[in-house]
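Written out below as structure tokens is the structure these notes cover.
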Amino acid sequence: MSRATQVVLAAGYVGIGVVGWSAYRARRRTPLADAQPTPRTAIDLTAVPTLGVPGRWVWPVPMWQGRRPVCSDGWGSARTSSDGTPRKHLGVDLMFRRSSRTDLADEFPPGTRGGSRWHVMPNDLPALAASAGRVRYARWTARGFTIVIDHVAPWSTYYTHLARLLVEPGQTVVAGEPIGIIGGDPSNAPHLRHLHFALWRGRWQDAAVNPTPLMASWEVLSAPVAAGRAVA
């Protein structure tokens, strides 16, 4: 084989690789993937403690009956995909913790939509915009109603398992504004009510970062903020 022929073949292989990668990215991004991003592409903020996000940020779940929301299932916990392959939780699940095993057991029995062994989530509680921004995505998915909000670049937030939407694409929101009603994951019995919240350092799920270190300094609101009103 001549040197010229080898060069032509090599260029062809490179071109095929570029086209294939472009098609893969387009397939990943349109429509928004329901599956969690792969862990190896995520940035772990615990390894970059000085990295911050601009603007005012609040917990995306307000207080309820004097209780603060907590992470019922945190970043990196082991999960299994629908096809049986292991994966990691690239976000946090937010609920309210029982003070004891019997706390609220009559109202939210463990194993029901309203409660697990140690956590509860009341019906009709709103999810809140974690910071000011513009709604990019708000529609039904296999994981429930799902919302993506773009904030100051490059930050975006992702909310899913919502029972109802209170915003639409293109709408601007302020920190603490209600964006949806918290529900459960339709694909996972017993459809426990909770909010899955993710923070992306970019516009897509493969840019997910661990929000836990940052959320430690975010305010927990006693009540949602009226639309168009900034958090004081």
Side-chain angles (χ1 to χ4, degrees), residues 36 39 42 44-46 49 52-53 56-80 86-131 143-147 149 157-164 166 175-200 208-225 231:
Q36 294 296 319
D44 188 350
L45 282 183
T46 60
V53 293
R56 181 181 294 274
W57 291 75
V58 303
W59 274 59
V61 175
M63 295 185 68
W64 171 71
Q65 296 186 355
R67 300 172 188 249
R68 295 171 62 93
V70 299
C71 293
S72 60
D73 191 8
W75 170 275
S77 64
R79 297 295 183 86
T80 303
R87 62 178 177 85
K88 290 188 177 181
H89 191 215
L90 297 183
V92 292
D93 290 344
L94 304 179
M95 298 182 70
F96 298 91
R97 184 170 175 83
R98 301 181 192 270
S99 60
S100 69
R101 288 283 300 276
T102 58
D103 181 33
L104 300 174
D106 292 337
E107 186 176 0
F108 305 107
T112 65
R113 291 178 58 88
S116 62
R117 183 179 182 184
W118 283 108
H119 298 90
V120 301
M121 175 58 74
N123 204 10
D124 296 327
L125 194 75
L128 311 179
S131 188
R143 310 298 300 279
F145 284 107
T146 299
I147 295 172
I149 300 176
T157 49
Y158 172 84
Y159 316 72
T160 196
H161 309 330
L162 300 173
R164 184 157 55 94
L166 300 177
E177 182 175 338
I179 58 174
I181 300 300
I182 298 172
D185 185 349
S187 66
N188 184 17
H191 313 304
L192 177 68
R193 284 194 297 270
H194 66 282
L195 178 67
H196 173 87
F197 171 76
L199 178 66
W200 301 346
V209 301
N210 183 359
T212 310
L214 294 174
M215 292 178 69
S217 64
W218 295 358
E219 181 183 0
V220 178
L221 300 183
S222 58
V225 171
V231 179

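Hydrogens, waters and symmetry mates are skipped; everything else that's a heavy atom, side chains included, is used. Computed from a predicted model, the values in this text were never measured in an experiment.
By the ring pair (Phe, Tyr, Trp, His ring centres under 6.0 Å) test, Trp218 is found to be paired with Trp57, residues two or more places apart in sequence or in another chain being considered. The side chain to side chain donor-acceptor pair (under 3.5 Å) search around Thr157 returns His151, Tyr159, not counting sequence neighbours. By the side chain to side chain contact (heavy atoms under 4.5 Å, CB included) test, Val220 pairs with Trp59, Met63, Arg68, Pro69, sequence neighbours left out. With sequence neighbours left out, the ring pair (Phe, Tyr, Trp, His ring centres under 6.0 Å) criterion links Trp64 to Phe96, Phe108.
Remark: side-chain polar atoms of Ser131 are paired, donor with acceptor, to backbone N or O of Arg56 under 3.5 angstrom. With Arg98 contributing its side chain and Ser116 its backbone, the two residues share a donor-acceptor pair below 3.5 Å.
Pairs of residues two or more places apart, or lying in two chains, that qualify as side chain to side chain donor-acceptor pair (under 3.5 Å) and include a residue from residues 100-111 are Arg67-Asp103, Ser99-Asp103, Ser100-Thr102. Residue pairs satisfying the salt bridge (Lys or Arg N to Asp or Glu O under 4.0 Å) criterion with at least one member in residues 181-198, sequence neighbours excluded, are listed as follows: Arg143-Asp185.
In this structure, Ile181 and Pro126 approach most closely via the heavy-atom pair CD1-CA, 4.1 Å. Between Gly114 and Leu192, the closest heavy-atom pair is C-CD1, 4.2 Å. In terms of heavy-atom proximity, Ile149 sits nearest to Ala129 at CD1-CB, 4.0 Å. In this structure, Leu221 and Leu128 approach most closely via the heavy-atom pair CD1-CD1, 4.2 Å. Listed here is the closest heavy atom pair of Val225 and Ala175: CG2-O, 3.7 Å.
For the atom pair CE (Met121) and NE2 (His194), the distance works out to 8.5 Å, reported to the nearest 0.5 Å. In this structure, CG in Asp124 is found 7.0 Å from CZ in Arg164, a value given to the nearest 0.5 Å. Here the CD1-OG1 distance, from Ile147 to Thr160, works out to 9.0 Å after rounding to the nearest 0.5 Å. A distance of 8.0 Å separates CG in Leu195 from CG in Asp93, rounded to the nearest 0.5 Å. Atom-to-atom distance recorded for Leu94:CG and His119:NE2 is 10.0 Å, nearest 0.5 angstrom.
Taking 4.5 Å as the limit, every side-chain heavy atom of Leu199 sits out of range of all side-chain heavy atoms of Met215.
Counting non-hydrogen atoms of neighbouring residues, nucleotides and ligands closer than 6.0 angstrom, the CZ atom of Arg97 exceeds 12 such neighbours.
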